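Data block below; observations after.
When reading the values below, keep in mind they use all heavy atoms of this one structure, side chains included, and skip hydrogens, waters and symmetry mates. These figures come from a predicted structure and were not determined experimentally. In what follows, chains carry the letters A, B, and so on, assigned in the order in which the sequence lines appear, proteins first and then strands, with residues in each chain numbered from 1.
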2 protein chains.
Amino acid sequence: MRAEETAALRGLRLFEGIAEPTFTDLVAAGYLQFFPPGVTLIRASDPADFLHVVIEGVVELYAATAGRETTMELVRPVGAFILAAVLSDQVYLQSARTLTRARILMIPAERVRRWMAQDAAFMSAITVELARGYRQAIKALKNQKLRTAAERLANWLIIVAAEQGTPGAVEIDIEKRVLASRLGMTPENLSRAFATLAGHGAQTRGTHIDITDPAALRAFANPDPLIDGPE
Amino acid sequence: MRAEETAALRGLRLFEGIAEPTFTDLVAAGYLQFFPPGVTLIRASDPADFLHVVIEGVVELYAATAGRETTMELVRPVGAFILAAVLSDQVYLQSARTLTRARILMIPAERVRRWMAQDAAFMSAITVELARGYRQAIKALKNQKLRTAAERLANWLIIVAAEQGTPGAVEIDIEKRVLASRLGMTPENLSRAFATLAGHGAQTRGTHIDITDPAALRAFANPDPLIDGPE
DNA sequence: TCGACGGATTGATAAATGTCAATCCAATGA
DNA sequence: TCATTGGATTGACATTTATCAATCCGTCGA
């Protein structure tokens, strides 16, 4: 792994403040692998053998039941996923696949659990990360239960515009059908939601959205820090 | 607190295996209080000052935005709630109110954080509990995104029949409008969902449901351990 | 015993969302 | 350059869910 990537890894909340030997060993024990797009990394109901860290590319966490499927989360660098299953030595609740070419660091679950017991700072970092993930999931549930599809899209636009550092515009870098699934709707419905937002300050043209009237968009979206806040 | 209640508290996953002095001090530091029904215990966006433990009664966790409200979870004895906010010293994402007369043990957040840093077993128990809560939230999100209202009700019936130890029947001990909100629908829609299930092996009469044809109910519900499993 | 109250149910209707089918369109490779 | 391909969009329609109003019904207190 390149030095700059090791440094980026160090920046993970999960590795914040942990002892150098712990970090070094965890990384050394990990397998760093390239994957092409569309590869299934883990399958729901499999035992959690590895903690996965996305070094490069985009990974989709998804879930399915009774022939239906939905996107649960998109993980980008540098982000870890499926921590909870690894910790309690349980099966995965979600499946994961690469959306793009991706580089993934896979750390054996057993090694994570061992260091957790030995390095108090690591344990503490894990607790913080778990609490964050938990709260994120609660927010996602609120988002889904309390808002319509168009409102979810509007709030997503506001969040992503901020993340991308372009208050007046959003560039979509994933397929719209994946975005639709993440936002809990069908692709057709997403198209219509975009059309609805055209009347509320957001003009869509392909993968580019111009937020021409931020105030109108916010009025429609009703952003709520207890749902949309980054934390 | 009565001895049997202290014993019940000890049975909480959160206090499993922790040192006696830790447990004793946490309980001693806590305020044990009675509340009548309908009392708001905590409000979303307030700072998390206490870890709450339900000793007796039923507590509803709920969330609201833009004039809409939804029930997130029902907490029964002996159960702790809003652990994640307490740990990271953040605001609550959910509000809580008593549904019945209730007895609540409130442990100062600061005390929880202090013992967490000093008692490795406590920290470990917290991690396990957090992971459990996280996974529970993921399951709730899958339930909401992947199922229709009637399916959610059917699966809820199957779960609760097992919990109540009566495979052929379910007794509802909360208001139906609260149940409707928990399952992500309106009270009217819940009534109709019950009517639908009458054709799939579940006969409702007031607060009592007879599961006359378990196989038919399961066929309709499509229970999935990765959503409905107790874990 | 009788009202009164609040939640539950039912019916009618509207809004939101999903499904199916037919293009449209942009990226890709021959 | 052009044909192919897969995702995106649009229209028509079905299903699901919510809303509004009326009524039912069990509980509780006078």
In whole Å, what is the span from the CZ atom of Arg205(A) to the C1' atom of dA26(C)?
13 Å
Is it the case that more than 12 heavy atoms not belonging to Arg68(B) sit under 6.0 Å from its CZ atom?
yes
Starting at the 5' end of nucleotides 15-21 of chain D, put B wherever the base has a protein heavy atom under 4.0 Å, S where only the sugar-phosphate does, and a dash everywhere else.
--SSBB-
Expressed as a whole number of angstroms, how long is the span from Glu175(B):CD to dT27(D):C1'?
12 Å
From Ile82(A) CD1 over to Gln90(A) CD, what is the distance, rounded to the nearest 0.5 angstrom?
12.5 Å
Roughly how many Å is it from CZ in Arg68(A) to P in dG18(C), rounded to a whole number?
11 Å
If you measure from the Lys or Arg side-chain nitrogens to the Asp or Glu carboxylate oxygens, is any gap between Glu69(A) and Arg97(A) under 4.0 Å?
yes
Rounded to the nearest angstrom, tell me the gap between atom NE2 in His208(A) and atom P in dC25(C).
19 Å
State whether Phe194(A) and Lys176(A) meet the cation-pi test: NZ (Lys) or CZ (Arg) under 6.0 Å from the six-membered ring centroid, and within 45° of the perpendicular axis.
yes
What integer distance in Å separates Arg177(B):CZ from dC25(D):P?
20 Å
Give the rounded distance in Å between these two atoms: CD1 of Ile174(B) and C1' of dA8(C).
14 Å
Using the six-membered ring of Tyr62(B), assess whether NZ or CZ of Lys142(A) lies under 6.0 Å from its centre and within 45 degrees of the ring axis.
no
I need the CG-P distance between Leu197(A) and dA16(C), as an integer number of Å.
13 Å
Select one nucleotide: of dT9(C), dA8(D), dG7(C), the one nearest the side-chain heavy atoms of Ser191(A).
dA8(D)
Would you check if the side chain of Thr196(A) reaches a backbone N or O of Arg192(A) as a donor-acceptor pair within less than 3.5 Å?
yes
May I have the distance from Lys145(B) (atom NZ) to dT17(C) (atom P), rounded to whole angstrom?
13 Å
